[in-house]
Amino acid sequence: MEIEHKGGLVSAHTIDRDSWKQVGLLLVTGYSCGYILSFSNLMLVPLGWTWGIISLIVVAVFAAYSSWLLAGFHFINGQRFIRFRDLMGSLFGQEMFYVTWVSQILILLITNMGFILLGGKALKEINAEFGGSSLRLQYFIIITGVAYFVFSIFVPTISSMGKWLIVSTILTFTYIGILLAVVIKDGLNSNRVKDYQVRGSDSSKMFNAFCAISAIVACNSAGIIPEIQSTLRSPAVENMRKALHLQFTIGLTFYYGVSIVGYWSYGSAVSEYLPENITGPTWAKVLINAVVFTQSIISQHAFIAPVHEALDTKFLILEKGIHSRANIFRLLCLRALLFTLNTLVAAAIPFMGDFVNLLGSFLLIPLTFVFPSMIFIKVKREAAKTEKVWHWAIIVLFSLLMVVTTIAAVRLIVNNISEYHLFADTRQS
């Protein structure tokens, strides 16, 4: 795979080559990854049915709209922006370049750590089903980190995922289909007592509800639309919007569907890892966890690829191919350093759920909702007054939401700090 120098853009990864269908599959399978197995607990338990469904719909509508809007600014005055940070830096100065980049880096690293933890949990569940030795979760986290590292060497970029996305699609349909069948069967069990009551004091209910909204934001967005859009062939804007349409129709049906069915079946007792609740046959549990692990290897790559791209563009020899003799050692070192760091952190703090809330509040809300409206106001100076008022309203509303949800997320972490134990085998309570 050759280093790209297209239209004055410099990147170690492929630009302007992929079809919208490939990117659409990436978005559908990426957002329908094993992360959705925690969403029933994170999103609906704190909100209950009424506010939960309302929040799911409202956040999805605004996320789809903001994503559609941002995709339209891939080209400004003839200049193509293949990175979110470059777009913000060009319009608002160097400070916003670094604010955007630091936000993205933190989001992508924490997301990847969560993927590694997810894969480790899936492997540990498989081991438990076979009555295997009681290996600590950390061993399975290390195995997952190694698997991700190996995949990143053989499939270094988003564009090179190609056929792997077809595999990921098959795996996604498989594990979600089996999971839904087992979960619905459990839900129809007349002997099962379901409790949908939202517990806690009035203040804790309110703060937990805002944490849930943060999680809903995280399940709809990753803050890397320009980076994903950079791989699309012309017309990049139209093609990205087609891919987003797939995400917010087919993809949303999957990740919201599993979340809602999981909550319906198990109520407020639903686990942070949904397969822990199911009472189906051993083969179903093993298959679900095995497919979740395998699918996560592919899905995680899309959400860490912008970090790979930044490192590769900085440290590889751009006149040589990524897998050339001149670059292969550097590639191995870069990937090894990144996944060693992420695996170590995931092993040390295997209680990422609370930090997903902080991720969604402090970092993703601005990237997803606030920044696109800021860009619109800056670029569309001659837009109608009503349009400007609309986007200023979005900026103010979601900025306030960012503050409130961040306070709620920090409060949750502080309240649970006594339950956190470094290198814990499971979360202690």
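Counting begins at 1 with the first residue of the sequence.
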Exercise. Going through the checks in order, is the side chain to side chain contact (heavy atoms under 4.5 Å, CB included) test met by Met240 and Leu27?
Worked result: CA-CA 11 Å; Met240 187 64 198; Leu27 294 174; 4.3 Å; yes

Exercise. Run the side chain to side chain contact (heavy atoms under 4.5 Å, CB included) check on Arg411 and Cys211 step by step: do they pass?
Worked result: CA-CA 10 Å; Arg411 177 183 178 275; Cys211 286; over 6 Å; no

For this session: Step by step, work out the side-chain hydrogen bond (donor to acceptor under 3.5 Å, both in side chains) result for Asn289 and Tyr175.
Result: CA-CA 8 Å; Asn289 282 290; Tyr175 97 82; over 6 Å; no

For this session: I would like to know whether Ile184 and Leu188 meet side chain to side chain contact (heavy atoms under 4.5 Å, CB included); could you show each step before the answer?
Result: CA-CA 6 Å; Ile184 291 173; Leu188 294 174; 4.0 Å; yes

For this session: Just do the ring pair (Phe, Tyr, Trp, His ring centres under 6.0 Å) check on Phe151 and Trp164 with the steps written out, would you?
Result: CA-CA 10 Å; Phe151 186 82; Trp164 287 101; 5.3 Å; yes

For this session: Give the C-alpha distance, both sets of side-chain angles, the deciding distance and a yes or no for ring pair (Phe, Tyr, Trp, His ring centres under 6.0 Å) between His301 and His308.
Result: CA-CA 9 Å; His301 189 65; His308 292 326; 5.7 Å; yes

Problem set entry | Derivation and outcome, side chain to side chain contact (heavy atoms under 4.5 Å, CB included), residues Leu26 and Thr231 | CA-CA 12 Å; Leu26 181 146; Thr231 69; over 6 Å; no

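No donor-acceptor pair closer than 3.5 Å links the side chain of Arg85 to the backbone N or O of Met96. In this structure, the side chain of Ser90 does not engage the main chain of Leu87 through any donor-acceptor pair within 3.5 Å. Of the possible donor and acceptor atoms, one in the side chain of Ser11 sits under 3.5 Å from a partner among the backbone N and O of His13. Remark: side-chain polar atoms of Asn327 are paired, donor with acceptor, to backbone N or O of Ile317 under 3.5 angstrom. In this structure, the side chain of Lys388 does not engage the main chain of Glu382 through any donor-acceptor pair within 3.5 Å. For Thr405 (side chain) and Leu401 (main-chain N/O), a donor-acceptor pair under 3.5 Å exists by modelled atom type. For Arg335 (side chain) and Ile153 (main-chain N/O), no donor-acceptor pair under 3.5 Å exists by modelled atom type. Side-chain atoms of Ser38 do not come within 3.5 Å of backbone N or O of Tyr273 as any donor-acceptor pair.
Counted within 6.0 Å of OH on Tyr98, heavy atoms from surrounding residues, nucleotides or ligands total 12 or fewer; the atom is thus considered open. Lys205 NZ: more than 12 foreign heavy atoms inside a 6.0 Å radius. Trp392 CH2: 12 or fewer foreign heavy atoms inside a 6.0 Å radius. Counting non-hydrogen atoms of other residues, nucleotides and ligands closer than 6.0 Å to CG of Asp195 gives a total above 12. No more than 12 heavy-atom neighbours from other residues, nucleotides or ligands sit within 6.0 angstrom of CH2 on Trp51.
With no hydrogens or angles considered, no side-chain donor-acceptor pair links Gln300 and Ser296 at under 3.5 Å. The closest side-chain donor-acceptor pair between Tyr266 and Asn41, if any, does not fall under 3.5 angstrom. The closest side-chain donor-acceptor pair between Ser160 and Thr157 falls under 3.5 angstrom. The closest side-chain donor-acceptor pair between Ser265 and Asp186, if any, does not fall under 3.5 angstrom.
Shown here for Leu364 and Gly223, the closest heavy-atom pair between the two residues is CD2-N, 3.7 Å. Pairing each heavy atom of Ala147 with each of Ile297, the nearest pair is CB-CD1, 4.0 Å. The two atoms that bring Tyr263 and Ser268 nearest to each other are CE1-N, 4.0 Å, heavy atoms only. Looking at every heavy atom in both residues, Asn342 comes nearest to Ile116 through CB-CD1, 3.7 Å. The heavy-atom pair separating Val45 from Gly267 by the smallest distance is CG2-O, 4.1 Å. Counting all heavy atoms, side chain and backbone alike, Pro372 lies closest to Leu69 at O-CD2, 3.7 Å.
The structure places CD1 of Ile36 at 9.0 Å from CZ of Phe254, a figure rounded to the nearest 0.5 Å. One distance of note links CD of Gln104 with CD of Glu227; it measures 4.5 Å at 0.5 Å rounding. Separating the OH atom in Tyr255 from the CD1 atom in Ile260 is a distance of 11.5 Å, to the nearest 0.5 Å. Taking CZ of Arg233 as the start and CG of Asp18 as the end, the distance is 7.0 Å to the nearest 0.5 Å. Rounding to the nearest 0.5 angstrom, the gap separating the CD atom in Gln247 from the OH atom in Tyr31 is 5.0 Å. Going from atom CD of Gln295 over to atom CD1 of Ile176 covers 7.5 Å, rounded to the nearest 0.5 Å.
The side-chain heavy atoms of Gln22 and Leu165, taken from C-beta on, include a pair separated by under 4.5 Å. Under the 4.5 Å side-chain criterion, counting only non-hydrogen atoms from C-beta, Leu232 is not in contact with Asp16. Residues Phe362 and Leu106 form no side-chain contact, since every pair of their non-hydrogen atoms from C-beta on lies 4.5 Å or further apart. Side chains of Lys380 and Glu387 form no contact here, defined as non-hydrogen atoms less than 4.5 Å apart. Taking the side chain as every heavy atom from C-beta outward, Asn220 and Val59 approach each other to under 4.5 Å. The shortest distance between side-chain heavy atoms of Ile170 and Thr174 falls below 4.5 Å. Inter-residue side-chain proximity for Ile216 and Leu47 is flagged as met; some heavy-atom pair is nearer than 4.5 Å. Inter-residue side-chain proximity for Leu331 and Ile322 is flagged as met; some heavy-atom pair is nearer than 4.5 Å.
Here Glu276 does not pair with Lys121 in a salt bridge; the nearest charged N to carboxylate O distance is not below 4.0 Å. Salt bridge annotation for Asp312-Arg330: absent, with no cationic side-chain nitrogen under 4.0 angstrom from a carboxylate oxygen.
Among Phe62, Tyr65, Phe371, the one residue that satisfies the ring-ring contact (aromatic ring centres under 6.0 Å, His included) test with Phe398 is Phe62.
Classification of the Phe115-Phe303 ring pair by plane angle, with boundaries at 30° and 60°, yields parallel.
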